[in-house]
Number of protein chains: 2
Amino acid sequence: MVTVRQDVHSTGIPVLCQSCEARHRGVCGALDPDQLVGLAKTSSKHTIEPGVELIGDAETVDSYSNVLSGVVKLTKSLSDGRQQIVGLQFAPDFLGRPFKVESAINAEAATAVSLCSFPRASVERMMRESPELEHRLLKQTLNELDEARDWMVTLGRKTAAEKVASFLLMIARNIDPTLDPNTNSTSFELPLTRADIADFLGLTIETVSRQLTRLRTDSVIRIDNNRHVTVDSLARLASRSGA
Amino acid sequence: MVTVRQDVHSTGIPVLCQSCEARHRGVCGALDPDQLVGLAKTSSKHTIEPGVELIGDAETVDSYSNVLSGVVKLTKSLSDGRQQIVGLQFAPDFLGRPFKVESAINAEAATAVSLCSFPRASVERMMRESPELEHRLLKQTLNELDEARDWMVTLGRKTAAEKVASFLLMIARNIDPTLDPNTNSTSFELPLTRADIADFLGLTIETVSRQLTRLRTDSVIRIDNNRHVTVDSLARLASRSGA
DNA sequence: CGTGAAATTGAGTGTCGTCAAAACCAGTGG
DNA sequence: CCACTGGTTTTGACGACACTCAATTTCACG
């Protein structure tokens with residue numbers, strides 16, 4: 001299912017897009033130079049501070065974005081304030097819900113985030129013109145659906161200890177996609193606070209903290225400055241994730 | 001976002017498809033009579049008994065299907081046997097995971113199910129020829145993603161009582177999509193056993209049963225023959241679903 | 001009826017949530 | 001350099017909700 005992309009001389013490609021990851025691994029790879037030029041005219045780059053809300057619940061969405069760096073958390077809330085993170089978006093994910101005027105979820109910068117944003121209308125016109133763009137979007141959506149279903153298993157059937165281990169594994173793999181299970185050691189910055197991790201795993205802050213210290217006292221991981229995690233034995237971490 | 005479908009005289013449409021719901025509300029609506037004829041040649045209808053496995057975990061998928069009636073449950077399991085239902089498919093949902101040779105989930109008939117199946121290759125050729133087909137698929141996938149995320153909130157943040165109430169509401173709405181919250185009474189057959197409901201909600205059979213009897217003793221619902229549920233006060237059920 | 005499976009009910013336990021206090025950390029200003 | 005502040009994280013004591021194990025009842029089907 002690999003299609004060879006015609007490699008035109010890069011003069012036709014907007015400067016903005018030249019080295020953009022979204023053009024290589026993201027949805028923009030679907031577009032030819034002319035289309036890129038058209039879209040780039042209406043696009044704009046932003047950097048966003050952690051904690052800032054990108055899309056509010058029940059707000060009308062007037063733009064779509066590509067995540068260029070950082071982590072965006074997608075959340076849903078119950079009326080009494082209980083919150084659940086229902087997805088995390090990393091570069092070069094496409095951010096936004098096509099074919100719906102109202103968003104049913106919140107999007108918030110979990111870390112510092114940089115975005116490339118497009119007006120709603122431009123993207124939708126482009127989608128009508130380019131089936132390849134819809135194709136990429138379909139692929140990303142299917143991947144997100146797979147991820148969501150994996151997390152449903154975690155949320156519904158795993159213990160607190162397994163949830164935290166699974167979370168650490170997921171982050172480790174996302175930071176370093178080439179990570180193979182035989183290496184025993186990795187190291188990374190947690191993109192989420194304890195509160196976020198709790199909201200992601202359907203737990204309380206205290207339980208997350210307790211499970212992390214348990215992993216630490218069992219010397220499966222080390223933690224420095226609350227955020228920096230070193231996994232000493234990836235295999236032992238995996239064995240605690242409930243498969 | 002309503003597109004007017006050209007209503008060709010029905011002589012061009014295969015008999016098999018004439019009154020098929022998948023042509024009206026499902027993905028087949030994307031196809032013109034010629035394409036329908038092509039696809040119908042390779043399609044076949046099946047009826048399947050409850051409990052029969054349609055797609056096994058880690059099996060190679062060689063066909064796609066439309067659900068014509070009944071309910072299909074999508075499940076995922078942990079190595080020690082714990083199971084989680086990650087999706088339910090009703091008519092006229094499209095069943096199958098495009099662009100992946102291996103399925104990571106199990107599909108099993110929850111009730112008696114009738115399917116219209118197509119060889120993998122036919123569907124994939126059709127997808128290449130018809131952007132409209134991919135468009136419909138994208139829409140269904142986005143809807144499934146929305147549903148999955150809704151259930152993540154239920155799994156992660158709701159109490160057992162709220163989970164069961166949410167489940168009953170979801171089924172009621174699916175049986176009768178026109179159901180408005182002001183009507184106080186509906187009645188339907190549960191398409192799932194208690195064990196299935198437990199796997200869907202991340203609970204045990206016993207807890208599901210206890211919550212159902214509580215709803216019954218509080219006269220929010222009535223239950224006949226284990227399967228037939230009558231909701232006496234939809235509003236009261238909704239108020240217990242945690243919003 | 002009689003049988004086996006599914007569902008309900010009960011008693012006891014454990015995991016995780018709640019509430020509260022202490023420790024830690026980063027940043028600010030004396 | 002140190003004290004102070006606000007926020008985050010950790011730790012502890014306790015309790016409740018949901019799980020486990022077990023017995024009973026109900027249901028579907030021969």
Side-chain angles (χ1 to χ4, degrees), chain A residues 49-51 73 78 80-84 108 110-112 154-168 189-218 221-229 240 242, chain B residues 49-51 73 78 80-84 108 110-112 154-168 189-218 221-229 240 242:
Chain A
E49 293 302 299
K73 55 179 183 175
L78 299 178
D80 63 359
R82 281 174 289 175
Q83 202 174 50
Q84 176 68 44
E108 187 182 319
T111 64
T154 303
L155 288 172
R157 289 305 187 194
K158 290 190 185 172
T159 64
E162 292 170 334
K163 285 181 178 181
V164 171
S166 303
F167 171 76
L168 291 177
E189 295 292 316
L190 285 178
L192 302 184
T193 65
R194 301 291 188 273
D196 285 338
I197 299 174
D199 281 350
F200 190 63
L201 298 175
L203 299 170
T204 58
I205 311 180
E206 294 93 326
T207 302
V208 171
S209 179
R210 276 185 251 271
Q211 296 303 333
L212 283 173
T213 51
R214 205 151 91 73
L215 286 173
R216 201 180 38 197
T217 58
D218 295 0
I221 62 172
R222 272 173 293 158
I223 303 180
D224 303 304
N225 299 332
N226 281 340
R227 287 289 192 120
H228 190 85
V229 175
R240 291 173 181 231
Chain B
E49 293 302 298
K73 55 178 183 179
L78 300 178
D80 63 0
R82 281 174 288 175
Q83 202 175 50
Q84 176 67 43
E108 186 181 320
T111 64
T154 302
L155 289 171
R157 288 305 187 193
K158 290 190 186 173
T159 64
E162 291 170 335
K163 285 180 178 181
V164 171
S166 304
F167 171 75
L168 291 178
E189 295 291 316
L190 284 178
L192 302 184
T193 64
R194 300 292 187 273
D196 285 338
I197 299 174
D199 281 349
F200 190 64
L201 297 176
L203 299 171
T204 58
I205 309 181
E206 295 94 326
T207 302
V208 170
S209 179
R210 276 185 250 273
Q211 295 304 332
L212 283 173
T213 50
R214 207 151 89 74
L215 285 173
R216 201 179 38 196
T217 57
D218 294 0
I221 62 172
R222 270 173 294 158
I223 304 180
D224 303 304
N225 300 334
N226 281 341
R227 287 290 191 118
H228 190 84
V229 174
R240 290 173 181 232

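Protein chains get the first letters and strands the later ones, always in sequence-line order, with residue 1 at the start of each. The analysis underlying the following values was restricted to heavy atoms, covering all of them including side chains, and did not include hydrogens, waters or symmetry mates.
In this entry the distance linking CD1 of B:I223 with P of D:dC27 reads 11 Å, nearest Å. To the nearest angstrom, P of C:dG17 lies 16 Å from CD of A:Q83. In this structure, the CD atom of B:E189 is 14 Å from the P atom of D:dC27, given to the nearest Å. Between the CD1 atom of B:I221 and the C1' atom of C:dT8 there is a distance of 14 Å, given to the nearest Å. Taking atom CD on A:E206 and atom P on C:dC16, their separation rounds to 14 Å, with Å as the unit. As a whole-Å value, the separation of B:L212 CG from D:dT26 C1' is 15 Å. The distance from atom CG of B:N225 to atom C1' of C:dT8 is 15 Å, rounded to the nearest whole Å.
For B:R222, the side-chain hydrogen bond (donor to acceptor under 3.5 Å, both in side chains) partners two or more places apart in sequence, or in a different chain, are B:D232. Looking at residues two or more places apart in sequence or on another chain, you find a salt bridge (Lys or Arg N to Asp or Glu O under 4.0 Å) between A:R157 and B:D199. Take B:K163 and apply the side-chain hydrogen bond (donor to acceptor under 3.5 Å, both in side chains) test, not counting sequence neighbours, and it matches no residue. For B:D80, the salt bridge (Lys or Arg N to Asp or Glu O under 4.0 Å) partners two or more places apart in sequence, or in a different chain, are B:R82. Take B:N226 and apply the side-chain hydrogen bond (donor to acceptor under 3.5 Å, both in side chains) test, not counting sequence neighbours, and it matches no residue. For A:R194, there are no side-chain hydrogen bond (donor to acceptor under 3.5 Å, both in side chains) partners two or more places apart in sequence or in a different chain. For the side chain to side chain contact (heavy atoms under 4.5 Å, CB included) test, residues two or more places apart in sequence or in another chain that qualify with A:A161 are A:T159, A:Q211, A:R214. By the side chain to side chain contact (heavy atoms under 4.5 Å, CB included) test, B:E108 is found to be paired with B:K73, residues two or more places apart in sequence or in another chain being considered.
When heavy atoms are screened at a 4.0 angstrom cut-off, B:R214 is found touching no nucleic acid atom at all.
Closest of all the heavy-atom pairs between B:L190 and B:F167 is CD2-CE2, 4.0 Å. When all heavy atoms of B:E162 and B:G242 are compared, the pair lying nearest together is OE2-CA, 3.7 Å.
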N/O to N/O distances under 3.5 Å, protein versus nucleotides 5-9 of chain D:
| unit_1 | atom_1 | unit_2 | atom_2 | d |
| --- | --- | --- | --- | --- |
| D:dT9 | OP1 | A:R194 | N | 3.4 |
| D:dT9 | OP2 | A:R194 | N | 3.3 |
| D:dT9 | O3' | A:N226 | OD1 | 3.4 |

Between the protein and nucleotides 15-19 of chain D, list the N/O to N/O atom pairs that are separated by less than 3.5 angstrom.
| unit_1 | atom_1 | unit_2 | atom_2 | d |
| --- | --- | --- | --- | --- |
| D:dA18 | OP1 | B:A160 | N | 2.7 |
| D:dC19 | OP2 | B:T204 | OG1 | 3.3 |
| D:dC19 | OP2 | B:T207 | OG1 | 2.4 |

Do any side-chain atoms of residues 202-209 of chain A form donor-acceptor pairs under 3.5 angstrom with protein atoms, and if so which ones, sequence neighbours left out?
| unit_1 | atom_1 | unit_2 | atom_2 | d |
| --- | --- | --- | --- | --- |
| A:T204 | OG1 | A:T207 | N | 3.3 |
| A:T204 | OG1 | A:T207 | OG1 | 3.0 |

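A rotation axis mapping the C1' atoms of four pairs onto the next four is fitted at both ends of the helix from C:dC1-D:dG30 to C:dG30-D:dC1 over five pairs, and the angle between these axes is 30° to 10 degrees.
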